[in-house]
Amino acid sequence: MTDLDIPAASGAARLFCPFPADFLWGAATAAYQVEGAWDEDGRTPSVWDTFSRRSGAIAFDQNGDVATDHYHRYKEDVALMKRLGLQSYRFSVSWSRIFPDAGGVPNPKGLDFYKRLVDELRAADIQPWMTLFHWDLPQWTEDRFGGWESRDCARVFADYAGYMAAQLGDRLSGVFTINEFMCFLDKGYVDTGELFAPGKNVCPRLLNQARHHAVYGHGLAVQAIRASGPQDLKVGLAENIPNIVPILETPEHIAATREALRELSGMYLTPIFEGRYHPGYLESAGADAPVFTDDEMAAIASPIDFVGLNLYAPTYVRHDPSTARGWSTVENGPGYPKMDMPWLAVGPSIMYWGPRMVAETWNAPEIYITENGCANPDRPNASNEIQDVGRVMYLQEHLIHLHRAADEGYPVKGYFVWSLMDNFEWAFGYTKRFGICYVNYETLERTPKLSAEFYSGVIRRNAVGG
Ligand code: NOJ
């Protein structure tokens with residue numbers, strides 16, 4: 001492979017961004033997006049299986065029945081990761097493979113898949129990082145008690161988390177409880193145009209209550225993992241914080257950005273770190289605010305070892321004395337650059353401001369970038385190469401800003417690119433490609449793109465530039 005970074009320039013203008021020696025480089029996927037094998041070895045449907053069968057819910061009525069067939073091709077995929085030089089792999093578990101029904105009896109065949117996957121990774125010297133919940137809630141929880149609308153969902157989630165920690169904990173490098181609260185709650189329980197499973201449209205009170213049950217489920221899961229897993233197993237979560245960036249780098253805008261982060265995360269990360277909902281959130285919810293107890297709030301704030309940040313697109317913030325809270329967000333102007341997703345505006349400094357603001361605001365012990373990447377309308381050329389120059393540019397610029405965060409001493413410990421390969425992009429089905437490896441959906445063949453070659457070079461040198 002050739003190195004694709006910008007060639008070394010001479011003198012002070014040289015681009016060279018070395019990362020800390022123990023920095024961890026990896027890639028991420030999620031069960032429903034890659035596994036397929038939707039009804040094999042005892043797996044029962046998740047809300048995404050049900051939702052994707054609803055006519056018109058997904059682009060071209062596609063679904064995850066086959067996805068990229070990772071369930072059967074995991075050995076090939078681990079070999080691919082090895083060839084690319086990945087040091088870690090973040091995957092998620094399909095909960096309904098493990099607990100196929102409400103009876104609470106685990107399914108050994110479901111567990112066996114993850115044991116084999118983890119063993120394969122470890123044999124290849126790739127660290128396994130496991131996400132317990134990446135949106136594919138078992139359908140039986142919906143049928144039985146209305147999913148996250150019920151406190152029971154938090155309890156069964158904790159049982160599942162404890163079980164997985166006991167079974168697999170000693171072979172894992174880290175566990176994420178929940179991935180991106182906002183997406184499965186705010187997009188799954190309210191129809192704002194881009195609807196996700198379970199595809200409901202509930203009133204604000206129920207949405208707030210479901211949000212509360214989900215953060216409570218996270219807290220109970222942390223406790224269950226600590227109780228059942230090995231003492232040294234790292235526990236955290238992966239959250240898509242609003243990717244706040246000060247509109248200009250001045251002390252007032254930076255202070256305003258910190259406040260914006262706390263308030264915009266008021267129902268998710270703020271209670272997890274502070275043990276209470278942000279007053280601005282409770283005030284705006286009014287009579288629709290969630291009902292909770294002090295014990296639940298204490299559980300939500302159970303200490304975590306690290307926080308994972310999924311960083312994609314910026315939200316610019318300014319100091320604004322004309323508002324009561326002292327800040328406002330700034331719209332991206334016309335012509336602002338975007339990648340191939342309606343929401344994917346490009347703002348590489350999210351990689352600096354995200355970790356910095358989270359570290360300064362909550363004194364987060366360790367931060368991992370658990371997702372970052374972009375969709376690009378990739379097509380193989382006549383030589384079957386995929387020249388995803390746009391993604392190479394996106395990754396390079398983002399990594400330069402991540403380097404700034406590490407260089408200034410913020411505790412960024414690792415980076416997982418989204419995604420290892422093209423996959424099922426939720427409501428967009430297979431029409432959006434986020435992978436550094438191209439998937440031919442006719443043959444399911446994987447082909448590393450130019451961005452995979454770029455990323456391999458970064459990992460090999462532990463640096464951007466050279
Ligand atoms: C974040 C989600 O965790 C992942 O599932 C999704 O594919 C990416 N964003 C891209 O939209």
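Order of appearance sets the numbers: ligands from 1, and atoms from 1 within every ligand.
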Legend entry - Flag for Tyr216-Arg151: side-chain donor and acceptor within less than 3.5 Å: no
Legend entry - Proximal ligand 1 atoms for Glu180, defined as those under 4.0 Å from one of its heavy atoms: 1 (C), 2 (C), 3 (O)
Legend entry - Pair Arg379 + Asp388, salt bridge at N-O below 4.0 Å: no
Inset, instruction - Check Trp343 against ligand 1 and report side chain, backbone, both or neither, counting heavy atoms closer than 4.0 Å. - result: side chain
Inset, instruction - Give the residue and atom name of whichever protein heavy atom lies nearest to atom 7 (O) of ligand 1, and the separation in Å to one decimal. - result: Glu425 OE1, 2.6 Å
Inset, instruction - Look at the aromatic rings of Phe196 and Trp426 and report parallel, tilted or perpendicular, splitting at 30° and 60°. - result: tilted
Inset, instruction - Rounded to the nearest 0.5 Å, what's the gap from CG on Leu264 to OG1 on Thr270? Could you check? - result: 9.0 Å
Legend entry - Min heavy-atom dist Lys432 to ligand 1 below 4.0 Å: no
Inset, instruction - Before signing off on this row, confirm whether Glu371 and ligand 1 have an N or O atom pair separated by under 3.5 Å. - result: yes
Inset, instruction - Provide, to 0.1 Å, the distance between atom 8 (C) of ligand 1 and the closest protein heavy atom, together with that atom's residue and name. - result: Tyr312 OH, 3.4 Å
Legend entry - Exercise: do Glu445 and Asn440 side chains pair donor with acceptor under 3.5 Å: no
Inset, instruction - Would you mind listing which atoms of ligand 1 come within a distance below 4.0 Å of any non-hydrogen atom of Trp135? - result: 2 (C), 3 (O)
Inset, instruction - Report yes or no: do Trp38 and Glu40 form a side-chain donor-acceptor pair below 3.5 Å? - result: no
Inset, instruction - Check the side chains of Tyr455 and Lys449 for a donor-acceptor pair under 3.5 angstrom, ignoring hydrogens and angles. - result: no
Inset, instruction - With heavy atoms only and a cut-off of under 4.0 Å, state how Asn179 meets ligand 1: side chain, backbone, both or neither. - result: side chain
Inset, instruction - Before signing off on this row, confirm whether His134 and ligand 1 have an N or O atom pair separated by under 3.5 Å. - result: yes
